[in-house]
Amino acid sequence: MRLPAIVALALPALFINTAAAQQLTPAERRMSAAIDAGVPDALATLERAVNINSGTMNFDGVRAVGRLFQAEFERLGFTTRWVDGAAFGRAGHLIAEYHGRGTGPRILFIGHLDTVFEADGPFQRWERLSDSTARGPGSIDMKGGDVVMLLALRGLKQAGLLDQAQITVVLHGDEESSGRPLSLARSDIVAAAEWADVAIGFEDGPGDPRTAVIGRRGSSGWILRTSGVAAHSSQIFRPDVGSGAIYEAARILAAFHDSLAGAPNLTFSPGTIVGGTATTFDAQQNRGTAFGKTNVVAESAVVAGDIRTLTPEQLTQAEATMRRIVARHYPRTGADITFDDGYPPFAPTDGNRRLLALFDQASRDTGGGPMAAADPARAGAADIAFTAGLVEMAVDGVGLMGSDDHTVRETADLRSLPVEAKRVAVVVARLMAAPPRP
């Protein structure tokens, strides 16, 4: 559902008016004070969540973190449900909905419950490092973002503003390693995006509180398979033997590099390669085997990689170029390439820029300073991509800030918790103040 024209037109005027005012309304001041007072409880929630291992493949742990957040949303008056993930090979997702009395834009909040740290890893517990920092698995990616979401909603509720909101929350249990088929694993967020007008993602983004993400590159996979005529190596390049499968793979990879490297916001990386007389490759595990000798012409090769683009058009053009390169063969070789649909591009749009302007003004008004758009090259793929083209406005990267996510040094900057929660709460309050839907 697109934002009605009357609302879409009113939103630029809305942030222009707040820019002129340069101050918070009495309700917004109450909301900000409630957020400051709620920080200790929010940190306690974050510590409990971090201390539950929820590596993507630890289904029991993902469900346990889901139950923790489910209870918190229900305390706020949300209706919740658990989407079982058996059909797509994962634990599942938590959906929470609040249907208030307001007639403003419908808002989608996006987060996830899982982390990259599985149950057998060495990094398992919350550790307070100082008054302003703490280390722990998922502390910023993204249990911290989920807690920013809760703290903002608690502020809205205590200020008496939540009852006017129309909000759906989607917390995935498989963001770090998506279930398959992806169309099924992401069907709930697509349905929520079709309902919503505005989407806000609570990832940590590039970790800079002065920025928000209005564009993310999509991420999809590709597999290149080449073939050649098996023969003794002394016969390579003969007209009836040709160049072999490994040379053909090398030709194609070099041509990819020479034709596409350096294009803005486009990357493509061969991450795995196997080649020889006989090869096997498991695309799910991204591993394979190769058998051969140094004195043979390789009969087969497999290369797997990813491709990242900022817009759907860029992805289409890059895939077309790669297919053209693959179609030209060395003598007596063959090749084909397949593309695996992954996370779609989340391109910057005028609507996203309008929402960023609202965040920028809310940040200035709450003492957080100005905000600008993050460089898309510093923002990886994320679930907000599935809202692209379905909502009028979207912003991501407004979760808990910190450093070293996806490593055993993952550290949260706890000072950013109230800062980010206030920004979100004020933006939601101002969105709800837009003219009613017709």
| message | For a salt bridge (charged side-chain N to carboxylate O under 4.0 Å, His left out) check, start with the C-alpha distance between Asp340 and Arg180, then their side-chain angles and the critical distance, and finish with the verdict. | response | CA-CA 11 Å; Asp340 174 28; Arg180 290 294 187 269; 3.8 Å; yes

| message | Evaluate Lys143 against Ser54 for side chain to side chain donor-acceptor pair (under 3.5 Å), listing each step before the verdict. | response | CA-CA 10 Å; Lys143 293 172 183 179; Ser54 59; 2.9 Å; yes

Compare all side-chain heavy atoms of [X] with those of [Y] and state whether any distance is below 4.5 angstrom.
X	Y	result
Val169	Tyr98	no
Leu182	Asp341	no
Val424	Met149	no
Thr45	Leu68	yes
Leu151	Leu417	yes
Val198	Val391	no
Ser220	Leu315	yes

Would you call [X] and [Y] a salt bridge, taking side-chain N to carboxylate O under 4.0 Å as the test?
X	Y	value
Asp188	Arg186	no
Arg430	Glu28	yes
Glu72	Arg154	yes
Arg354	Asp350	no
Arg90	Asp84	no
Arg135	Asp404	no
Asp383	Arg216	no
Arg63	Asp60	yes

| message | Taking the ring of Phe386 and the ring of Tyr343, is the distance between their centroids below 6.0 Å? | response | yes

Say whether, by atom type as modelled, one donor and one acceptor occur between the side chain of [X] and the main chain of [Y] under 3.5 angstrom.
X	Y	value
Ser32	Arg29	no
Gln314	Leu310	yes
Asp114	Glu176	yes
Gln164	Ala433	no
Thr411	Arg409	yes
Gln166	Ile107	no
His172	Asp174	no
Gln70	Leu94	no
Asn58	Asn53	yes
Thr279	Gly275	no

Provide the closest heavy-atom pair for [X] versus [Y] in the form atom of the first, atom of the second, distance.
X	Y	answer
Ile140	Glu410	N-OE2, 3.0 Å
Ile325	Ala255	CG2-CB, 3.4 Å
Thr56	Val62	O-CG2, 4.1 Å
Met432	Leu161	CE-O, 3.4 Å
Asp204	Met401	O-CE, 3.4 Å
Thr321	Ser259	CG2-CB, 4.3 Å

| message | My understanding is that only one of Thr316, Asn265, Leu266 makes a side-chain contact (heavy atoms from CB on, under 4.5 Å) with Thr309; could you say which? | response |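 In the set Thr316, Asn265, Leu266, the residue that makes a side-chain contact (heavy atoms from CB on, under 4.5 Å) with Thr309 is Leu266.
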
| task | Go through Glu97 and Thr79 one step at a time and tell me if the side chain to side chain donor-acceptor pair (under 3.5 Å) criterion holds. | result | CA-CA 5 Å; Glu97 298 173 311; Thr79 300; over 6 Å; no

| field | Residue pair His112, Asp141: steps toward the side chain to side chain donor-acceptor pair (under 3.5 Å) verdict | value | CA-CA 8 Å; His112 64 85; Asp141 188 13; 3.2 Å; yes

| So Phe202 and Phe109, would you call those rings parallel, tilted or perpendicular, with 30° and 60° as cut-offs? |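 Perpendicular, since the angle between the ring planes exceeds 60°.
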
| said: Between Thr349 and Asn352, does the side chain to side chain donor-acceptor pair (under 3.5 Å) criterion hold? Intermediate values first, please. | reply: CA-CA 5 Å; Thr349 66; Asn352 296 357; 3.1 Å; yes

| message | For Trp222, run the ring-ring contact (aromatic ring centres under 6.0 Å, His included) check against Phe339, Phe256, Phe268 and tell me which one passes. | response |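 That would be Phe256.
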
| Without hydrogens or angle criteria, can the side chains of Arg308 and Thr267 be said to hold a donor-acceptor pair below 3.5 Å? |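 Absent: no donor and acceptor within the cut-off.
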
